[in-house]
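Remarks on the structure that follows.
A quick note: this is a predicted structure, and the numbers were derived from the prediction, not measured.
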Amino acid sequence: RLTMSVISLTKIQNVLPEFIDTRLMPSAPDWMKFMLGASKPFALRRADELITENLPMLKASGMVNDQNQLDIEQFKEFLNGGFNSSPKVTLFGFNFDKQDGDALMGIIDKYKDY
C-alpha cells in the first residue's frame, strides 16, 4: 500500500469525547447524560490504560506501527469484521452497531495524521 492513513494514539483522546458527545449523549436518558459527563475524564484515563495494556498486541497485529499510530484502514477492517460476526455489541451498557462504527470511523478520519 503506497499511502496509509494513520492516527496517533494520543489523538484518540480527541476521538473518544466527540464520539460520546455525538453518538451516546443524544439518545441517553438525563441520568445517563449526567453520568457520561461526569465520568468522561475517568473513561479517557481508562482508555489510555487500555491502549497501553494492549499496545504489544496492537503492534503485533500490525494495527499500530512503531510510531504508535493506528492504521485506520486496518482498524476499519477490524470493526467491519466484528460487526459482520455480531451486528450488535453491548459495551458499558450501550448497544453499538455498524452505524456507530461508521460514525467512529468518520471521527477518526477527521483527526487522522495524514
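- The CG atom of N95 sits 6.0 Å away from atom NZ of K88, with the distance rounded to the nearest 0.5 Å.
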Test log, rule side chain to side chain contact (heavy atoms under 4.5 Å, CB included), inputs D71 and N65: CA-CA 7 Å; D71 181 317; N65 65 23; over 6 Å; no
Chi angles and distances behind the side chain to side chain contact (heavy atoms under 4.5 Å, CB included) call for F75, L79: CA-CA 6 Å; F75 184 67; L79 280 181; 3.6 Å; yes
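- Not counting sequence neighbours, the partners of E18 by the side-chain hydrogen bond (donor to acceptor under 3.5 Å, both in side chains) test are K110, Y111.
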Residues L70, F78; criterion side chain to side chain contact (heavy atoms under 4.5 Å, CB included); working and verdict: CA-CA 12 Å; L70 179 72; F78 169 82; over 6 Å; no
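- Distance alone, capped at 3.5 Å, is enough to place a donor-acceptor pair between the S85 side chain and the G81 backbone.
- Shown here for F96 and F83, the closest heavy-atom pair between the two residues is O-CE2, 3.7 Å.
- Under a hydrophobic-cluster definition in which Ile, Leu, Val, Met, Phe, Trp and Tyr are linked whenever side-chain heavy atoms come within less than 4.5 Å, directly or via other members, L36 and L50 are assigned to different clusters.
- Minimum interatomic distance between Q74 and G62 (heavy atoms only, all atoms of both residues): OE1-O, 3.0 Å.
- Closest of all the heavy-atom pairs between M25 and G37 is CE-N, 3.7 Å.
- For the 3.5 Å distance criterion, the side chains of K98 and N84 fail to qualify, holding no donor opposite an acceptor.
- Linking ILVMFWY residues whenever their side-chain heavy atoms come closer than 4.5 Å, directly or via other members, leaves F94 and F42 in distinct clusters.
- Between the side chain of D48 and the backbone N or O of R45 there is no donor-acceptor pair closer than 3.5 Å.
- For N68, the side chain to side chain contact (heavy atoms under 4.5 Å, CB included) partners at least two apart in sequence or on another chain are L9, L55, K59, V64.
- For M32, the CE atom sits in a packed shell: over 12 heavy atoms of surrounding residues, nucleotides or ligands are nearer than 6.0 Å.
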Verdict with supporting geometry, K112 and D109, salt bridge (Lys or Arg N to Asp or Glu O under 4.0 Å): CA-CA 5 Å; K112 70 182 176 185; D109 194 53; 3.1 Å; yes
K76/E73 under salt bridge (Lys or Arg N to Asp or Glu O under 4.0 Å): CA gap, chis, key distance, verdict: CA-CA 5 Å; K76 184 177 182 178; E73 288 303 313; 5.2 Å; no
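- Taking CG of L16 as the start and NZ of K40 as the end, the distance is 10.5 Å to the nearest 0.5 Å.
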Test side chain to side chain contact (heavy atoms under 4.5 Å, CB included) applied to K33 and L24, step by step: CA-CA 8 Å; K33 287 179 184 176; L24 302 183; over 6 Å; no
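- Considering only residues two or more places apart in sequence or on other chains, Q99 meets the side-chain hydrogen bond (donor to acceptor under 3.5 Å, both in side chains) condition with none of them.
- Of the inter-residue distances, the one linking S39 atom OG with I20 atom CD1 reads 7.0 Å to the nearest 0.5 angstrom.
- Here CG of L104 is found 9.0 Å from OG1 of T22. Values are rounded to the nearest 0.5 Å.
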